[in-house]
There are 2 protein chains.
Amino acid sequence: MTKNKNATPTPTLSDSKVKLGDVARKAGVSPATVSRVLNHPEIVSPELRERVSRAVTALAYTRDSAGRALKSRRTRTLGVVVPTLGISIFAEGVEAMQNRLSEHGYTLLIANSQYEARRELQEVASLLEHGVDGLALVGDAQLPETHQLIRQHGVPYLTTYVATARDEVQAIGIDNEGAAASMARYLLELGHRHFGIIANLPESNDRSMSRYLGIRAALAEADVPLPHSHVISMSQTLQHGRQGLRQLIQSNPEITAVMCTTDTLAIGALAEARSLGLKVPQHISITGFDDIELASQFDPPLTTISVPANEIGRAAADHLVNAAAGVRIPVITTLPHRLIVRGSTGPAPGLVRRPKLHRTAE
Amino acid sequence: MTKNKNATPTPTLSDSKVKLGDVARKAGVSPATVSRVLNHPEIVSPELRERVSRAVTALAYTRDSAGRALKSRRTRTLGVVVPTLGISIFAEGVEAMQNRLSEHGYTLLIANSQYEARRELQEVASLLEHGVDGLALVGDAQLPETHQLIRQHGVPYLTTYVATARDEVQAIGIDNEGAAASMARYLLELGHRHFGIIANLPESNDRSMSRYLGIRAALAEADVPLPHSHVISMSQTLQHGRQGLRQLIQSNPEITAVMCTTDTLAIGALAEARSLGLKVPQHISITGFDDIELASQFDPPLTTISVPANEIGRAAADHLVNAAAGVRIPVITTLPHRLIVRGSTGPAPGLVRRPKLHRTAE
DNA sequence: TTGTAAGCGTTATCAA
DNA sequence: TTGATAACGCTTACAA
């Protein structure tokens, strides 16, 4: 019994893949006609179309993508490289992209760079070798070689989650700098003058960097200083958000507003504030960026900026599918973000008691 | 200027892809030799190997995967269908799988089913058409057609996040039922006799179902009843976790322990308990399942079961790569899980005051 | 509208 | 160890 199972090499599986020629024979037409029915049904007479369709279903025929790709020079496959799927806005964007692609008969090859530009290059190379018809990247911190390689291959590509990119690369995303600046201005209006920043600033995270620069610019415009000691770079985990807040507050007790470049950091900070006995927003205001699911559910709910990850993914998919088909459509670069005010921010404490003190102290 | 840019069809790109023959010519060898150097370098003389390698790098040659796939009948591509990337254990598993695959020169085609079996079938079909060399699914609730289709194609596949599957499908995962039962037993030991359950029980989520059944079994064994009204099915969001807890407690104030089939539900429940003024774990114990990042960071930290998503992803990758290469390695079915006791669980309240009352009341 | 035939880029068989 | 040669399954001029 068991022997039987192992002895026969591959008997159980219908080993002989049914191919286009088989369908043609069954339908009594030429292979070309079958191909036409499959790809351009409108140019085949209804009668034959019908006969072929029947043969296709009867034999449960599916096209072999290898032969197809070889001849047509298109794999119906797109690639994406994100920093990590562990960050929910990337998971969401990839999923949205995949869903849209699936409607077009495309499939998505996925890779992750772990925020390392060199790794990103490798993954891009691998994707390209696998013959993707297009590529989506994240951000604007690629190695020059990465762009060079993609252009060499002549496949369409774009970058996402940012609104602008260097070097004529198309981008679909939000204005990170502007959004962060608007958040800073909102806090300034609430009377805050002593800011702390927890940012995720590895070399290849230009989104966090832009957000940080946006904050800097807004504060500078309002003549509010931001000492070096008020800026802490942390990798993007709840744990590090906690740690960041602790360091910030312990060394700079005068801080009344802590701006984080991602919600994960902000929620860590929120949790740590509670542990330290700080009331949010009475004692301290905390802001995030991304508007992840948890942001609205946390206690207190987090004031943050929403990033339209779904739209980004969909738009990237649409653009690349079109571009792969040779259609040059203009890219809608800047998607709108929203400043969402929730319970984690409020007026600066002590503003009533010492109205202009802090301001003049600078 | 702009005209110039559009007028020339494809001039800027180095349009002529360099192919194997070009390398052969450049190196002064036959195409076959180039292919050998690329695929089986050990059977080529060092001298030629060197010459070919130089030509490869000089021309920046990369193999065309279409031609390669056509001839070798392998695409070096694997497929995975998860319910959604929005659940972190799936995002983590997929990422781990991709990372491992990337080491082997494979790439991962990704799709998501949104917890719908029919959608899963479609995505599998699409992946198969794209010529994947192997497939990873999640759970044990596929349509029969799905298995049939995959087997027809003769590609190796397995299912993940569960330890056993029907119909001789290989599985890599944890014993969901056993883990949930052990959690229930732990709560029983703490004196809890009135349980509530918040479970994500759509038709095609057999993991949550197994967890639920595990709890049922453990309670039955201890002669602790679980009325219908104590079981609430909710889709997997924080919001629904909140709602579930509210319903449960309002209709059944005697409940002292709420078991959720995922951490997301549990953290929602935790948040709602706080809103309702219920102290955790003094008034009520709450447990989760998955051990997502937030579980340890929430206040109170969540008692839960850890699911080794990374190991699952890696093991799936290893197995499929081997299987695709024709190596039949045995699958390590059951990966260990851990019961992680944190602050969200404690002794049943009122146990001292009314020791056996509840028990006999049943 | 349909059929014939060539060939996409690679690998693998066979001889040398 | 290397080279010629024949596919792999499909699409698409071109011819009918």
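Letters A, B, ... mirror the listed sequences (proteins, then strands); counts begin at 1.
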Are any protein N/O atoms closer than 3.5 Å to N/O atoms in nucleotides 12-14 of chain D? If there are, list each pair with its distance.
{"unit_1": "D:dA13", "atom_1": "N6", "unit_2": "A:Arg36", "atom_2": "NH2", "d": "3.4"}

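- The local environment of CD in A:Glu42 is crowded, with over 12 non-hydrogen atoms from other residues, nucleotides or ligands closer than 6.0 Å.
- The listed nucleotides are D:dC10, D:dA4, C:dT11; the one nearest the side chain of B:Ser30 is D:dA4.
- Judged by distance alone, with hydrogens and angles left aside, the side-chain atoms of A:Glu95 form a donor-acceptor pair with the main-chain N or O of B:Leu85 at under 3.5 Å.
- One atom, CG of B:Leu20, and another, P of C:dA12, lie 12 Å apart when rounded to the nearest Å.
- Nucleotide C:dG9 holds its P atom 16 Å from the CD atom of A:Glu129, rounded to whole Å.
- Residue B:Tyr61 places at least one side-chain N or O closer than 4.0 Å to OP1 or OP2 of C:dT10.
- Distance from the side chain of A:Ser45 is smallest to C:dT2 among C:dG3, D:dC10, C:dT2.
- For the pair B:Leu70 CG and C:dG9 C1', the interatomic distance rounds to 8 Å; values are reported in whole Å.
- Side-chain atoms of A:Asp133 come within 3.5 Å of backbone N or O of A:Arg76 as a donor-acceptor pair.
- For A:Arg63, the salt bridge (Lys or Arg N to Asp or Glu O under 4.0 Å) criterion is met by no residue, not counting sequence neighbours.
- In this structure, B:Glu103 places its CD atom where more than 12 heavy-atom neighbours from other residues, nucleotides or ligands lie under 6.0 Å away.
- Between the CG atom of A:Asp22 and the P atom of D:dG9 there is a distance of 9 Å, rounded to whole Å.
- Rounded to an integer number of Å, the gap from A:Glu50 CD to C:dT1 P is 18 Å.
- The distance from atom NZ of B:Lys19 to atom P of C:dC8 is 6 Å, rounded to the nearest whole Å.
- With no hydrogens or angles considered, a side-chain donor-acceptor pair links A:Ser102 and B:Glu123 at under 3.5 Å.
- Between the CZ atom of A:Arg25 and the P atom of C:dG3 there is a distance of 14 Å, given to the nearest Å.
- Ranked by how close their nearest DNA chain D nucleotide is to the 5' end, B:Arg49 and A:Arg68 are led by B:Arg49.
- The side chain of A:Asp64 has D:dG9 as its nearest neighbour among C:dT4, D:dT11, D:dG9.
- Side-chain atoms of B:Asn322 never come within 3.5 Å of backbone atoms of B:His319 as a donor-acceptor pair (strictly under, hydrogens ignored).
- In this structure, B:Leu59 atom CG and C:dG9 atom P are separated by 15 Å, rounded to whole Å.
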